[in-house]
2 protein chains.
Amino acid sequence: MAKGTSKSGEITINDIAKELNIAASTVSRALNNSTKISEATKQKVRKVAEELGYEINLVASSLSKNKTNLIGVVIPNINSQFFAHALSGIQEEAKAAGYNVIISQTNESYEQEVEVMKVMNSARVDGLIVSLTMETKSTDHFNALVRKSVPIVMFDRVNFSVPGPKIVVDNYEASFKATQHLIGNGCKRIAHLAGNLSCKVFEDRAEGFKEALNKNILPLLPQFLLACDLNEKDTREAMKLWMSLDERPDGIVVASASSGLMIASIARSYGVTIPGDLAIISLGNERCNELMIPSISAVDMPGSEMGKAAAINLIETIKTGHIEDRIILKPIQLLMRNSTFKMA
Amino acid sequence: MAKGTSKSGEITINDIAKELNIAASTVSRALNNSTKISEATKQKVRKVAEELGYEINLVASSLSKNKTNLIGVVIPNINSQFFAHALSGIQEEAKAAGYNVIISQTNESYEQEVEVMKVMNSARVDGLIVSLTMETKSTDHFNALVRKSVPIVMFDRVNFSVPGPKIVVDNYEASFKATQHLIGNGCKRIAHLAGNLSCKVFEDRAEGFKEALNKNILPLLPQFLLACDLNEKDTREAMKLWMSLDERPDGIVVASASSGLMIASIARSYGVTIPGDLAIISLGNERCNELMIPSISAVDMPGSEMGKAAAINLIETIKTGHIEDRIILKPIQLLMRNSTFKMA
DNA sequence: TTGAAAGCGCTAACAT
DNA sequence: ATGTTAGCGCTTTCAA
């Protein structure tokens, strides 16, 4: 067998070359199915490669081609259903196109996001898919990648000061429709549990909420628009405040699915009936929303769809080299369930 | 400024070297904080590196060092809460130790698992974390990695014919306890919706179930142990069968969290009261279990914990080079909720 | 403490 | 259609 086995103990194209008494470059071309290699040679090369158990070393290939076939994914966290679905969609599309996916969470921390960009830079990813943290305001940490023309696709939590395709939903519309839906079902005193308003997603949701009240000549009552981090603690506090009021809200538009579920649960502990005393609709849908009793109305944000679109657009951008500032708007869906039908 | 800028447009150690009129090797050593470089030189090198915006090319470094600092993660899917938590835990530990994570889903397909192994092999991952598909019987597709002594840590869906640490829970115990719990709450006609029994996890769960019946001198009624793929279709069919019986089960041990939630939902559509007519406990816990009404009892499998343990053990194995067949058993927790308290 | 040079495994001119 | 050669950017002997 091949005697010139490489240092690392791996089979290389040199081993195949020696075995067949041909040049390594010929082996490389054969394995890459170059048109200028005879079928006969390709056959022989493939056979020996198979026999020797050769698997291409992508590290060497990447260095040589100055292209890693690696897509970096940077998201706030993997645990949320929305991002998990997005990641899953990204991975499927990437795999189909022959790309590998390298992933890092930022845990909603701007500082971590900055660090992660350095790692992705060093890993020489061919492109990046990002959903920003709630904290992120500056996008200077993308400059290094942008300068090198590394394609960057942002989805959901986007910032338009970074060039490249954006995959978004219309959060204003989502919130507007949700609020409208509550109003249509007789709610008069509607509250909104918002996320961090410096994050565009949550700002738009708050705006849609306010505009719907406006259009329907309903007042925005004091303390009925509360912005927070949408974690359990903040959600609990918001509810505590609302439940302490003489005139409690009779409907709540919640800026996230997980907070919506919590609110439903917390409401029960206050002896509040849903939807009788309080209607609830959340911006973002999880499977749980459907299974709960009562089921929780929601506006569905298509995580998997958005992830797939992000990957497809990124790969196209990588291939063409043209970084376009297009905006892809994914449709949302109002899911009317039992938590909002006061009349039912 | 540096005129010898590299072909790819990236700043390299050569650029730094030229700038300072020193050798590239010195720059390399300085940046790697080698002990045999003067502080003065280190300072100068770091300063220029900073100024030039140098970021190490990990591809080149990997090729040279024959080490990628890459951990491959192969799981059935990202969408399930269990695996999402595991992945999240893995990523956190990897990041803390300076490793990057490359991820691929197998979608419960053996064929895809085989393909993914080739990719991970080509990517030259330093180690692999795997949870097998339900279909996987042979582990021949791991042989290439095993021969090269690439550390492989398996968690949850493990196979002991592949050497390396295993992170598991005691599925037999989980199922035994769950069944015992139902029996303790007065169930006499207990059914088990099992997963693919050729998968050890589900085999163990079925065994634990049977043994608990045995120990309590309860019969395993015909058709009361149904194995399936635990998807929605199969779950629905199982329920259809059970609900068609003259004597329906009065308790069900479900082999997955998601199927458990479906069963609760399906049961309601049959007009069955939970837990009055039917008690339900699932092996695997999701946040939804707690929020539903009635809340669904479950045995919690610590996904994040298992992921972290997998990463920690993998990294240790990579560092020591000793592939040990140790088994790390993570504790499970019986979460008694309202779906199982007939007496309450 | 630093430099020179070879090499990791592959690809891509260029030559034949 | 195939071979020769020169890198890709880094690390690592071996010298000095």
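Basis for what follows: all heavy atoms, side chains included, without hydrogens, waters or symmetry-related copies. Proteins get letters first, then strands, A, B, ... in listed order; numbering begins at 1 in each. Since this is a predicted model, take the numbers as computed values, not measurements.
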- Overall bend of the helix from dT1(C)-dA16(D) to dT16(C)-dA1(D) (five pairs an end, 10° steps) is 40°
- Task: Verify the neighbour count for atom NZ of Lys137(A): are there more than 12 heavy atoms of other residues, nucleotides or ligands below 6.0 Å?
- Result: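 No - once you tally the heavy atoms of other residues, nucleotides and ligands closer than 6.0 Å, there are 12 at most.
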Which protein N or O atoms sit under 3.5 Å from an N or O of nucleotides 1-3 of chain C?
from: dT2(C); atom 1: OP1; to: Ser38(B); atom 2: OG; distance (Å): 3.3
from: dT2(C); atom 1: OP1; to: Thr41(B); atom 2: OG1; distance (Å): 2.6
from: dT2(C); atom 1: OP2; to: Ser38(B); atom 2: N; distance (Å): 3.0
from: dT2(C); atom 1: OP2; to: Ser38(B); atom 2: OG; distance (Å): 3.4
from: dT2(C); atom 1: OP2; to: Thr41(B); atom 2: OG1; distance (Å): 3.1
from: dG3(C); atom 1: OP2; to: Ala23(B); atom 2: N; distance (Å): 2.9
from: dG3(C); atom 1: OP2; to: Thr26(B); atom 2: OG1; distance (Å): 2.4
from: dG3(C); atom 1: N7; to: Arg29(B); atom 2: NH2; distance (Å): 2.7
from: dG3(C); atom 1: O6; to: Arg29(B); atom 2: NH1; distance (Å): 3.1
from: dG3(C); atom 1: O6; to: Arg29(B); atom 2: NH2; distance (Å): 3.1

To the nearest Å, how far apart are [X] [atom1] and [N] [atom2]?
X	N	atom1	atom2	result
Lys65(B)	dT12(D)	NZ	P	7 Å
Asn14(B)	dC10(D)	CG	P	7 Å
Lys67(B)	dT11(D)	NZ	C1'	14 Å
Ile56(B)	dC8(D)	CD1	P	17 Å
Asn33(A)	dT11(C)	CG	C1'	16 Å
Leu63(A)	dA6(D)	CG	P	18 Å
Glu10(A)	dG7(C)	CD	C1'	16 Å
Asn66(B)	dG9(D)	CG	C1'	16 Å

Basic-acidic side-chain contact under 4.0 Å: [X], [Y]:
X	Y	answer
Arg46(B)	Glu50(B)	no
Glu113(B)	Arg157(B)	no
Glu10(B)	Arg124(A)	yes
Lys47(A)	Glu19(A)	no

- Message: By the 4.0 Å heavy-atom rule, please label Leu58(B) as base, sugar-phosphate, or nothing.
- Response: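 Result for Leu58(B) = nothing.
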- Which part of the nucleic acid does Ser28(B) contact within heavy-atom distance under 4.0 Å: base, sugar-phosphate only, or nothing? base
- Query: Within the structure, does a side-chain N or O atom of Asn32(A) lie under 4.0 Å from either OP1 or OP2 of dT11(C)?
  - Reply: yes
- Task: Would you indicate, yes or no, if dG9(C) has its OP1 or OP2 atom less than 4.0 angstrom from a side-chain nitrogen or oxygen of Ser64(A)?
- Result: no
Taking the side chain as every heavy atom from C-beta outward, state whether [X] and [Y] have any pair of such atoms under 4.5 Å apart.
X	Y	value
Tyr99(B)	Leu314(B)	no
Tyr110(B)	Ser138(B)	yes
Asn121(B)	Lys148(B)	yes

- Item | For Asp126(B) against Val150(B), the heavy-atom pair lying closest together |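 Closest approach of Asp126(B) to Val150(B), heavy atoms only: O-CG1, 3.9 Å.
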